[in-house]
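The next block holds one structure in the form of structure tokens; read it before the comments.
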Amino acid sequence: QVAALTTAQVAALTTNQVTNGLSTNQIVALTTAQAASLTTAQASSLSTQQVAAIQTADLAAMKTNQIAALTTNQIANGLTTSQIVGLTSAQVAALTTAQAAALTTNQVAALETRDLVALKSNQIQALSTAQISAG
């Protein structure tokens, strides 16, 4: 049923409808275009379980501002290492310093070399010694 929604209809859903109405199975069923059509408010309202249910290809198709809108809790407790690997360098570069600091050591270890190179100096400064050792 979710797959039948247009991208405009997905973008028109309220944050409450997204957070409380979409199951993780429905999040999995989102098309790449539908995932890319989520607003920043919708993205930041997703539960960690919903974030973890986003397909890696769908996450990679999301805009940098959608990734930057994710909360530190969504980053640390929602994103899987497979999803971290699937992020584009532009998405990694768009992480806020708080998001970079929230990455787990496993997530930092999963970053590709091209992603580590994309990190800005303030993002690197936000990383802990343990995170840097993991990378």
Side-chain angles (χ1 to χ4, degrees):
Q1 295 163 329
V2 173
L5 295 176
T6 67
T7 55
Q9 289 170 320
V10 170
L13 294 173
T14 67
T15 54
N16 185 54
Q17 289 171 316
V18 170
T19 306
N20 299 311
L22 292 180
S23 68
T24 54
N25 287 337
Q26 290 171 314
I27 295 289
V28 169
L30 288 175
T31 66
T32 302
Q34 288 171 322
S37 72
L38 291 171
T39 67
T40 54
Q42 290 169 325
S44 66
S45 74
L46 293 170
S47 71
T48 55
Q49 293 84 4
Q50 288 172 312
V51 170
I54 298 171
Q55 297 293 308
T56 303
D58 296 343
L59 191 70
M62 291 174 74
K63 300 170 198 75
T64 54
N65 65 334
Q66 292 169 301
I67 301 299
L70 295 176
T71 67
T72 55
N73 186 47
Q74 289 170 312
I75 295 285
N77 300 307
L79 290 181
T80 66
T81 54
S82 295
Q83 289 171 314
I84 293 289
V85 170
L87 291 175
T88 67
S89 296
Q91 289 171 322
V92 171
L95 293 174
T96 66
T97 54
Q99 289 172 318
L103 290 169
T104 67
T105 53
N106 287 340
Q107 289 171 322
V108 173
L111 287 171
E112 304 277 336
T113 302
R114 64 179 164 74
D115 298 329
L116 291 171
V117 171
L119 289 172
K120 299 179 197 104
S121 58
N122 63 338
Q123 291 168 309
I124 292 172
Q125 290 168 354
L127 296 175
S128 69
T129 304
Q131 288 171 306
I132 290 173
S133 297

### Worked verdict on Q66 versus L38 for side-chain contact (heavy atoms from CB on, under 4.5 Å)
CA-CA 8 Å; Q66 292 169 301; L38 291 171; 3.7 Å; yes
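Contact between A118 and S89 at its shortest, heavy atoms only, is CB-O, 3.6 Å. The two atoms that bring S44 and A69 nearest to each other are CB-O, 3.1 Å, heavy atoms only. The nearest pair of heavy atoms linking Q123 to V92 is NE2-O, 3.0 Å. Closest of all the heavy-atom pairs between M62 and Q91 is O-NE2, 2.8 Å. Residues A126 and A101 approach most closely at O-CB, 3.5 Å, considering heavy atoms. Contact detail for A53 and T24: the closest heavy-atom pair is CB-O, 3.7 Å.
The backbone N or O of L22 lies less than 3.5 Å from a partner atom in the side chain of Q50, making a donor-acceptor pair. Although no hydrogens or angles enter the test, the distance criterion places no donor-acceptor pair under 3.5 Å between the side chain of S45 and the main chain of T19. Remark: the backbone N or O of L5 is paired with a side-chain donor or acceptor of Q34 at under 3.5 angstrom.
In terms of hydrophobic clustering, with Ile, Leu, Val, Met, Phe, Trp and Tyr side chains grouped at heavy-atom distances under 4.5 Å, I124 and I75 are assigned to a common cluster.
Counting heavy atoms from C-beta outward, Q55 and V28 have side chains that approach closer than 4.5 Å. The closest side-chain heavy-atom distance from L70 to Q99 is below 4.5 Å.
Evaluation of the side-chain hydrogen bond (donor to acceptor under 3.5 Å, both in side chains) rule for T81 yields no partner, not counting sequence neighbours.
The side chain to side chain contact (heavy atoms under 4.5 Å, CB included) test with L59 is passed by exactly one of L79, V51, T80, T88: L79. Under the side chain to side chain contact (heavy atoms under 4.5 Å, CB included) rule, I84 has a single partner from L111, V108, D115, which is L111.
With rounding to the nearest 0.5 angstrom, the CG atom of L103 is 7.0 Å from the CG atom of L127. Once rounded to the nearest 0.5 Å, the distance linking OG1 of T96 with CG of N122 reads 9.0 Å. Here the OG1-CG distance, from T72 to N77, works out to 8.5 Å after rounding to the nearest 0.5 Å. Once rounded to the nearest 0.5 Å, the distance linking NZ of K63 with OG of S37 reads 7.0 Å. Q74 CD to T48 OG1: the interatomic distance, rounded to the nearest 0.5 Å, is 8.0 Å.
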